[in-house]
There are 2 protein chains.
Amino acid sequence: MAMRKKRTNDPEGMRRRVLDVADDSFQARGYHASSLGDLMAAAGVTGGALHHHFPTKKALALAVIEERVAAAVRETWIDPVLAAPSAREGVRVVFEAVAAELERQGYVRGCPLNNLAHELSLADDEFRSALARIFANWRQAIADKMRADQPDGGADPERFAALVVAAYSGAMSMAKTAQDAGVLRACLRGLESFEPSPSQGRLTAKRRRRVLSRAKIG
Amino acid sequence: MAMRKKRTNDPEGMRRRVLDVADDSFQARGYHASSLGDLMAAAGVTGGALHHHFPTKKALALAVIEERVAAAVRETWIDPVLAAPSAREGVRVVFEAVAAELERQGYVRGCPLNNLAHELSLADDEFRSALARIFANWRQAIADKMRADQPDGGADPERFAALVVAAYSGAMSMAKTAQDAGVLRACLRGLESFEPSPSQGRLTAKRRRRVLSRAKIG
DNA sequence: TTATAAACAGACCGGTTGTCCTGTTTTGTC
DNA sequence: GACAAAACAGGACAACCGGTCTGTTTATAA
C-alpha cells in the first residue's frame, strides 16, 4: 500500500533553502559553473518550485547578491567595525578574525563579494550596480567610523576606507589563489606599520619606536 | 568558375590568433561564459585547427594564463617597477599609469590576473598553481626592488610588496565593479599618505616629469 | 618523386543547459 | 463549501556546449 503523501507549503522556507544552496554553489563554483539542475538536486527542490520563486537564473543570483552577499559583508565587516573602539582597531580585529577562521577551516574560498563581482560585473549591469552598492556601503561604513573617531580629521577617511577595502579584497584574492591565509596577516601588518598614529598622548613615542624596530625584527 | 583556393600553413600565427581571441574573451566574459564556438568564429579558425593547437579548453586557458596573463603582469608591473628609481616610486608610476589608461579608454576590465584567479582558482588545481606563481613573482619583484633600494632595510619588503599587490588588486576589483578608475588613485594616495616620505626636496618635479612621459610611451 | 608527419577542414555526437509549459495540490477568503 | 490564487510537481524542448572523428591539404625530408 502506497504511503499517503502529504505536502506542506512552505514558501519562505523553500526560498531560503534555494538561496542557501545557490549562495554556497556560486561561491564555491561560480555563477556560470553552477547549473540549476545541480542546485535543484542539492536543495531538494523541483523545477516548478524553483521557477516559481526565481523566474530566471539571473533573478536568483540577484537575490543572492542583495540578500546573502550584502549580509555577509555586513556581518563580517560593517558590524564588527562599528562595534570596535576605533576604525583602525576594527580593521585589525576583522583581518585577524578572518585569517584565524580561514586557518581553522583549512581552505580559502575568497571574499563572497569579490568572487561574484569579478565574474558578474561585466556580464550584466544590474549585477554590477548591485555589487557596486555593497562595495560603497562597505567603504562608507569604515569612513564614517573613522570620522567618528576624530571629527577634526586625521588621515582622509575616504582614502583610508578605500585602501582598507582594497587591501582586504586583494589579500583575499591572493589567499584564495595560494590557498594560504598568511598573506592576510602580512597585509594587515603592512597596513599597521605605516600608521601615522595621530595625537594620542604618550602612546605616540611608543608606537614610533615599535615601527622603527619592526624593520629590524622583520 | 570557382576560385582556386590555396592554403598557407601558419601554425605559429594561428596559435597566436587563437590566443589573442581567447585572452580577450576570457577577460571580457570570463572562462565559462566563453564558448569555443565563439572563439572559433572570432578568430576565424575551424574546429580542427583549434583542437590541433589546444586539445581541450583547459589547455587553451592554461596557455592564456602562462603566456598572456603572466606577460601582462610583467609588462605593466614588474618591468616598470624595476626600471623606476625606487620601489615606492615605481608603485606610484604604475598606479597612475594604469589609472590614466583606464580613464582614457572609458571602461574598466579589471586586472587580468585577478579576473582569471577568481574564476579558476577553486575550479582546478593546475589553474590555481599557475596563477599563484604569477602572484608570487609579482610580489617578489617588488620586494626585491625594495631590498635593492636600501639594503639595510626600511619597512619589511615582503609586507610592503604584499600590501601593494593587494591594494592594487582590490582597487582594480572595485574600479571594475564601479566602472570608475578613481578608486585606484584614492588607494595610491592612501598608500602614500602613510609613507614616512624621506627627503624628497626638489627632485620631486623631475621625477614627476619622467612619470608623465612614461605613461604616454606605455 | 615519394613517404611521412604536421596542419587544417568540417561534420558529428552525447550530454547539458536554462526556460517554458501543463497539470495538481495546498492555502486563504468569502 | 466554493472559488481564486499561490505553491509546487515534473516533463518537454530547442539551443548549445566541448570533444571526437574522419578526411584533405600542406610542408618536410629522404
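Each chain gets a letter, A, B and so on, in the order the sequences are listed, and its residues count up from 1. Computation of the quantities below employed the complete heavy-atom set of this structure, encompassing side-chain atoms and omitting hydrogens, waters and symmetry-equivalent molecules.
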Across all chains, not counting sequence neighbours, the side-chain contact (heavy atoms from CB on, under 4.5 Å) partners of A/Asp79 are A/Arg74

_Would you say the ring centers of A/His32 and B/His32 fall short of 6.0 Å from each other?_
no

Worksheet item: Going by heavy atoms in the side chains, are B/Phe127 and B/Leu116 under 4.5 Å from each other?
Response: no

Q.
Test your reading of the model: is there a side-chain donor-acceptor pair from B/Glu119 to the backbone of B/Gly30, 3.5 Å cut-off?
A. no

Residue pairs meeting side chain to side chain donor-acceptor pair (under 3.5 Å), one or both in residues 132-146 of chain A, sequence neighbours left out, come to A/Asp144-A/Arg147

When rounded to whole Å, the CZ to C1' distance for the pair B/Arg29 and D/dC16 reads 15 Å

Per the atom types in the model, does the base of C/dT25 pair as donor or acceptor with the side chain of A/Arg7 at under 3.5 Å?
-> yes

| Other residues, nucleotides, ligands: >12 heavy atoms within 6.0 Å of A/Gln105 CD | yes

- Item | Flag side-chain contact, heavy atom, 4.5 Å: A/Gln179 against A/Tyr107 | yes

By nearest-heavy-atom nucleotide on DNA chain D, the more 5' of B/Thr8 and A/Thr8 is A/Thr8

The correct set of residues in residues 32-54 of chain A placing a heavy atom under 4.0 Å from DNA chain C is A/Ser34, A/Ser35, A/Leu36, A/His51

With sequence neighbours left out, the residues meeting salt bridge (Lys or Arg N to Asp or Glu O under 4.0 Å) with A/Asp23 are none

The bend of the helix from C/dT1-D/dA30 to C/dC30-D/dG1, taken between the axes of its five terminal pairs at each end and rounded to 10°, is 10°

Note: contacts of residues 9-20 of chain B with DNA chain D (heavy atom, under 4.0 Å) are B/Asn9

Would you indicate whether the side-chain heavy atoms of B/Phe26 and B/Ile65 approach each other to under 4.5 Å?
no

request  = Give a yes or no on whether the backbone of B/Ser86 and the side-chain of B/Asp149 come within a donor-acceptor separation of less than 3.5 Å.
outcome  = no

